[in-house]
**Q** 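There's a structure below that I have some questions on.
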Amino acid sequence: MNLHKEKIIDMLENSRETYLSGIEIAKKCEISRNMVWKYINALIEEGNIIEKGRKGYKLVTHNTAISSQKIKKHLIADDYTFEIFETIDSTNTYLKKAAELGAKEKTVVISSHQSGGKGRMGRSFYSPDNSGIYMSVLLRPDISVNDSVLVTTCAAVSVCKAIEKICDKKTDIKWVNDIFLDGKKVCGILTEAAINLESNKPDYIVLGIGLNLYIPQNGFPDEIKNIATALFKDKTEADLYKNILISEILNFFFNDYKNILEKDFYNEYAERMFLIGKRVKVLSQNEYVAEVVGVDKDFSLMVKNDNNEIIKLNSGEVSTSLY
Ligand code: BTN
């Protein structure tokens with residue numbers, strides 16, 4: 001957003017109940033009254049409701065929606081393509097179709113609501129209106145299918161770092177791709193790939209991130225209300241930070257993604273793992289209980305069974321639950 005325009009909306013926001021005169025705004029921004037008029041009209045066009053009266057201007061409703069302009073303001077790179085929706089079935093499904101039609105790497109699809117949000121293992125992802133960030137990112141990396149897990153783990157670290165930077169809150173990672181805040185899930189990641197069978201490499205990967213911003217008015221549905229949480233206390237706080245949070249997730253992610261095979265984010269992942277030392281139920285063909293001892297450099301989970309044998313678990317084959 002243009003700096004003057006941003007300053008004007010901030011000034012209007014801060015003087016919510018009273019009118020601000022054109023002369024006052026012009027003076028503070030060091031621009032002409034004509035320019036103030038131009039910026040006010042641009043702000044109205046962007047969906048803000050501003051009353052124009054004899055005494056000047058008054059903000060009625062600030063458009064707090066997710067917008068590519070607001071996101072771009074804090075992005076390090078400028079080679080993204082954004083598609084922003086109010087509602088969609090699933091950003092992952094939409095982006096997979098776009099990828100088949102040739103969409104470019106770094107196409108980012110974000111929606112304020114998903115009617116058919118998808119989670120891992122065929123589950124659904126609760127995506128109510130405006131109370132979360134539902135985002136998918138298109139990647140076309142030159143890596144093997146086995147290395148695709150790096151996209152998920154790199155994204156998990158990026159989400160944690162963005163939350164730490166913007167909200168100053170400490171989050172943990174539950175192997176392999178759930179982000180936890182105060183012991184409850186705040187974010188899930190679903191990575192879907194189209195594999196080229198000849199090269200055994202992904203043609204493309206769609207990285208889907210679902211982050212709960214605030215608990216919806218009627219609460220979470222019964223199935224998840226004891227295990228899910230949100231980042232902010234209410235909508236006002238969420239609206240203030242959601243765009244910059246998206247920018248920072250992308251900044252952190254693409255910083256490591258450019259050398260993803262170097263796994264520079266490995267230590268940052270390992271130190272945020274909250275399963276270490278805990279006993280978990282391993283849900284594979286034969287179910288058993290084991291203690292988590294760490295995460296290997298290839299991001300497989302290392303557990304010790306009751307015979308003191310160390311077993312490496314691959315994220316595609318098993319899932320774990322606390323025992
Ligand atoms: C999980 O927790 O099982 C993964 C949840 C992933 C949800 C995100 S929201 C954006 C993207 N679109 C989807 O339909 N799913 C992912």
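Atoms within each ligand, like the ligands themselves, are counted from 1 in listed order. Because only heavy atoms are used, hydrogens play no part in the values below, and waters and symmetry mates are left out as well, while side chains stay in.
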**Q** So, 4.0 Å and heavy atoms of Arg123: is ligand 1 close enough to count as a contact?
**A**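 Flag not set, Arg123 not near ligand 1.
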**Q** Is it true that Asp172 and Lys174 have a side-chain N and a carboxylate O under 4.0 angstrom from each other?
**A**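 Lys174 and Asp172: not salt-bridged.
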**Q** Give the residue and atom name of whichever protein heavy atom lies nearest to atom 5 (C) of ligand 1, and the separation in Å to one decimal.
**A**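 Atom 5 (C) of ligand 1 sits closest to the protein heavy atom Phe125 CD1, 3.4 Å.
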**Q** Looking only at N/O atoms, are Tyr134 and ligand 1 under 3.5 Å apart anywhere?
**A**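 N/O-N/O distance below 3.5 Å does not exist for this pair.
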**Q** Identify, for atom 3 (O) of ligand 1, the protein heavy atom at the shortest distance, and state residue, atom and that distance.
**A**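 Of every protein heavy atom, Arg120 N, 2.7 Å lies nearest to atom 3 (O) of ligand 1.
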**Q** Below 4.0 angstrom, N of the basic side chain to O of the carboxylate: do Lys263 and Asp298 qualify?
**A**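 Here Lys263 does not pair with Asp298 in a salt bridge, since their nearest N and O are not under 4.0 Å apart.
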**Q** Do Tyr204 and Glu105 have side-chain N/O donor and acceptor atoms under 3.5 Å apart?
**A**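 There is no such pair between these side chains.
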**Q** Is ligand 1 under 4.0 Å from a heavy atom in the side chain of Asn177, in the backbone, in both, or in neither?
**A**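 For Asn177, there is no contact with ligand 1 at all, from either part.
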**Q** For Lys96, is there an ion pair with Glu192 - N to carboxylate O distance below 4.0 angstrom?
**A**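 Salt bridge present between Glu192 and Lys96.
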**Q** Is the shortest distance from a heavy atom of Met121 to ligand 1 less than 4.0 Å?
**A**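 Flag not set, Met121 not near ligand 1.
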**Q** Between Thr152 and Asn177, do the side chains contain an N or O donor and an N or O acceptor separated by less than 3.5 Å?
**A**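 Short answer, no.
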**Q** Under a 4.0 angstrom heavy-atom cut-off, which atoms of ligand 1 come close to Gly117?
**A**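 Numbered from 1, ligand 1 contributes 14 (O).
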**Q** Would one find more than 12 heavy atoms of other residues, nucleotides or ligands at under 6.0 Å from atom CD of Glu271?
**A**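 Correct, the count exceeds 12.
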**Q** What atoms in ligand 1 come closer than 4.0 Å to a heavy atom of Gly119?
**A**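 Counting atoms of ligand 1 from 1, those under 4.0 Å from Gly119 are 1 (C), 3 (O), 4 (C), 5 (C).
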**Q** Does only the side chain of Ile189 get under 4.0 Å from ligand 1, or the backbone, or both, or neither? Count heavy atoms.
**A**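 Just the backbone.
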**Q** Between Gln114 and Thr91, is there a side-chain donor-acceptor contact under 3.5 Å, judged purely by atom types and distance?
**A**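 A pair is found: one side chain offers a donor N or O, the other an acceptor, under 3.5 Å apart.
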**Q** What atoms of ligand 1 come within less than 4.0 Å of a heavy atom belonging to Met135?
**A**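 Every atom of ligand 1 under 4.0 Å from some heavy atom of Met135: 10 (C).
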**Q** Considering the heavy atoms of Asn92, write down every atom of ligand 1 situated less than 4.0 Å from one of them.
**A**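 Numbered from 1, ligand 1 contributes 11 (C), 12 (N), 16 (C).
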**Q** Measure Ser136 to ligand 1 on non-hydrogen atoms and call it side chain, backbone, both or neither using the 4.0 Å cut-off.
**A**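 The answer is the side chain of Ser136.
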**Q** Using every non-hydrogen atom in the two residues, find where Cys29 and Ile8 come nearest and quote the distance to one decimal.
**A**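 In this case the closest contact between Cys29 and Ile8 is SG-CG1, 3.9 Å.
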**Q** Relative to each other, are the rings of Tyr80 and Phe254 parallel, tilted or perpendicular (30° and 60° limits)?
**A**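 The rings of Tyr80 and Phe254 stand perpendicular, inter-plane angle above 60°.
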**Q** Starting from atom 2 (O) of ligand 1, what is the nearest protein heavy atom, named by residue and atom, and what distance separates them?
**A**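 Looking at atom 2 (O) of ligand 1, the protein heavy atom closest to it is Lys185 NZ, 2.5 Å.
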**Q** Quick one: nearest non-hydrogen protein atom to atom 10 (C) of ligand 1, plus distance?
**A**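 Ranking protein heavy atoms by distance from atom 10 (C) of ligand 1, first comes Thr91 OG1, 3.2 Å.
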**Q** Hey, would you say the Tyr57 and Tyr19 ring centroids sit under 6.0 Å apart?
**A**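 No, the ring of Tyr57 stays outside the 6.0 Å limit from the ring of Tyr19, centre to centre.
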**Q** Please state which protein non-hydrogen atom is closest to atom 15 (N) of ligand 1 and give its distance, to 0.1 Å?
**A**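 The answer is Lys118 O, 2.8 Å.
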